[in-house]
Undergrad: 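Below is the structure I would like to discuss, written out as structure tokens.
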Number of protein chains: 2
Amino acid sequence: MEEKRHMVGGISRKTLERLPVYHHYLEQKGKEKAETISAPSMAADLKLNEVQVRKDLAMVTKTGGKPKMGYLIRELIRDIEEFLGFHNTNQAVLVGAGSLGKALLTYKGFEQYGVEIVMAFDSDGRKVNTKIGGKLIFPFVKLENLCQRMNIHIGIITVPAYAAQEACDHLVAAGVKAIWNFAPIHLSVPDHVLVQNENMAVSLSALSKYLYEAEKEGR
Amino acid sequence: MEEKRHMVGGISRKTLERLPVYHHYLEQKGKEKAETISAPSMAADLKLNEVQVRKDLAMVTKTGGKPKMGYLIRELIRDIEEFLGFHNTNQAVLVGAGSLGKALLTYKGFEQYGVEIVMAFDSDGRKVNTKIGGKLIFPFVKLENLCQRMNIHIGIITVPAYAAQEACDHLVAAGVKAIWNFAPIHLSVPDHVLVQNENMAVSLSALSKYLYEAEKEGR
DNA sequence: TAGATTGTTAATCGATTAACAATC
DNA sequence: TAGATTGTTAATCGATTAACAATC
């Protein structure tokens, strides 16, 4: 049975990308003492189409909204969190304790999204056995063995591009099911492994292109 | 005249996202002594559709490919770089010298994509006047004045979510035209300013959701 | 009741893919 | 020539938006 590339668990990737945006927005609103929210006001604030907002919410909410009243904020937050699986935390390992890896190891916000980095790997002997953000750095050669034994499901790749495929292969061999890739390179993985690319080069290119166009058009 | 949201300089955002991927791939191939490349082989390696590759390349290349031979790698690289405006470097400032900000300040790969970070701002007095990655940290209150005087076009936001909109407002007031936002929050900006969100929460949510589904389905 | 809002069905729009003629 | 490959036109597919009935 072939799985559609753009679908994850029955909803479109586009919707999936908007859910965390809604989640963050609703948490903000919740702090401001608001109890309910309407799709048109959410859409206006987030610059989205109101029907799109309603359809997205319909994918996750059990009780739905009430005409003239909108949705209950607390309920929506809970529904989104359950839908996205925030509450069943997955353990992750990080490969490559360079500056970006260090930033991710010290970042506090991941657990909110159901991901906990439990350790890191690096081939630089000077980093091995030190701690960053409270997480111990192990030698790269122990990656496969340790990940397998600890039944780790998520690998985060922050090594340079030339080392990324090798890191990826070891993670896959260890049984990792999802890879969060920060190296600007296309990774080859078996079909059952999800690769989520965080490609900064893409964003930069888009910015650069936009400014290039803006200049040409004399804006 | 209204500009289509999903178009940047006449090409679709999807194509724009793939161009840096092609660029990196072609540079790899170029190093391996290859001189030409065909759309089918690129498509196979990058797991894309071959017609899509051809169409994307047709958007940027002047001379096109030759039947039976494919495209000249060096030429494609040059065309993509010119199209994306890699060669006219834009100066950028970074706001928020925390762990992520530090990672970006020390990262070497940006200039390749036409973006040079020239300085950073932080409201923490202990960081002010120190250097990270060779770039000087200025007090946050000087942001608007300095950016305006130096005619900076790109702002990179790596402050916490609660401080992001304020940082954004100052950047916009200083005349910045494009913002690269790492805070997990929707920024309100005037229409002429481009916001490029690097939302790690979105990626994490997708990973988390994928694993959640995989478990449910017993994979 | 009137008006705001929801949820759904139908129309539109854009991006992807298939089909195919042209060409080296 | 035969076969690989390009480039383009047409068909398909999915996501967005418009229209509208239902409801509080």
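A note on names: the letters A, B, ... follow the listed sequences, proteins ahead of strands, and every chain is numbered from 1.
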Undergrad: A:Pro40 has a side chain; which of D:dA2, C:dT17, C:dT6 sits nearest to it?
TA: C:dT6
Undergrad: Find the distance B:Glu75:CD to D:dT6:C1' and express it as a whole number of Å.
TA: 15 Å
Undergrad: Within the 3.5 Å criterion, strictly below it, is a donor on B:Thr61 or B:Glu75 matched to an acceptor on the partner's side chain?
TA: no
Undergrad: Which value, rounded to the nearest 0.5 Å, describes the distance between A:Thr36 atom OG1 and A:Ile73 atom CD1?
TA: 6.5 Å
Undergrad: Examine B:Phe121 together with B:His170 and report whether their ring centres are nearer than 6.0 Å.
TA: no
Undergrad: Could you tell me the separation between the CG atom of A:Leu57 and the P atom of C:dT8, rounded to a whole number of Å?
TA: 13 Å
Undergrad: Nearest of D:dT17, D:dA4, D:dC24 to any side-chain atom of B:Lys68?
TA: D:dA4
Undergrad: Under 4.0 Å between a side-chain N/O of B:Arg54 and OP1 or OP2 of D:dG7, yes or no?
TA: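 B:Arg54 to D:dG7 OP1/OP2: no side-chain N or O under 4.0 Å.
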Undergrad: Any luck finding a side-chain donor-acceptor pair between B:Gln165 and B:Asp169 under 3.5 Å?
TA: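 A donor-acceptor contact under 3.5 Å links the two side chains.
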Undergrad: Whom does D:dT16 pair with, Watson-Crick or G-U wobble, provided both distances fall under 3.5 Å?
TA: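 C:dA11 - that is the nucleotide pairing with D:dT16, both distances being under 3.5 Å.
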Undergrad: Nearest to the side chain of A:Lys55, which nucleotide is it out of D:dG3, D:dT6, C:dT9?
TA: C:dT9
Undergrad: Does B:Arg18 place a side-chain N or O at less than 4.0 Å from the phosphate oxygens OP1/OP2 of C:dA15?
TA: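 No, no such contact exists.
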Undergrad: Check the distance between C:dT5's C1' and A:Gln52's CD and give it to me in whole angstrom.
TA: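 The distance from CD of A:Gln52 to C1' of C:dT5 comes to 18 Å, rounded to the nearest Å.
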Undergrad: State which residue, out of B:Leu171, B:Leu194, B:Ile154, B:Ile156, fulfils the side-chain contact (heavy atoms from CB on, under 4.5 Å) condition with B:Val176.
TA: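 The single option meeting the side-chain contact (heavy atoms from CB on, under 4.5 Å) with B:Val176 is B:Leu171.
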Undergrad: Pick base, sugar-phosphate or nothing for A:Lys66, based on heavy-atom distances below 4.0 Å to the nucleic acid.
TA: sugar-phosphate
Undergrad: Could you check how far CG of B:Asn49 sits from P of D:dC13, rounded to whole Å?
TA: 14 Å
Undergrad: Could you tell me the separation between the CD atom of A:Glu50 and the C1' atom of C:dA4, rounded to a whole number of Å?
TA: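 Distance, rounded to whole Å: 10 Å.
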Undergrad: Whole-Å distance between C:dA15 P and B:Arg13 CZ?
TA: 11 Å
Undergrad: Among the nucleotides D:dT6, C:dA15, D:dA18, which one has an atom lying closest to any side-chain atom of B:Ala39?
TA: D:dT6
Undergrad: For DNA chain C, whose closest nucleotide is more 5', that of A:Val51 or that of A:Pro67?
TA: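 So the residue in question is A:Pro67.
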Undergrad: Round to a whole Å and report the spacing from CG of A:Asp56 to P of C:dT8.
TA: 14 Å
Undergrad: For C:dA22, give the paired nucleotide (Watson-Crick: N1-N3 plus N6-O4 or O6-N4; G-U: N1-O2 and O6-N3; both under 3.5 Å), or none.
TA: D:dT5
Undergrad: Quick one: A:Met69 CE to D:dC24 C1', roughly how many Å, whole number?
TA: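 One finds 10 Å between C1' of D:dC24 and CE of A:Met69, rounded.
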